[in-house]
Amino acid sequence: MIDTDAFVVGVGAPLPDGRIVTAVLSRDLLDLITMEFVADGPDEPDEPSAPVNTTG
């Protein structure tokens, strides 16, 4: 069980729509990582993303 495991830490954050995002991380790696939850937009965009111009 995560809540009693001495080797991991669990974190979570509520989303505006009521869902909860969670992560379980090894305590041995906590000094080596930066953990953040990032919102990058809606789950289903209204329109496809425009292609990226890589020719300059």
Joint hydrophobic cluster, Val8 plus Ile20, side-chain heavy atoms closer than 4.5 Å: no
Are Leu25 and Phe7 joined in one hydrophobic group, where the rule is that I, L, V, M, F, W and Y side chains link up if heavy atoms are under 4.5 Å apart? no
Do Val11 and Phe37 make a side-chain contact, defined as non-hydrogen atoms from C-beta onward lying under 4.5 Å apart? yes
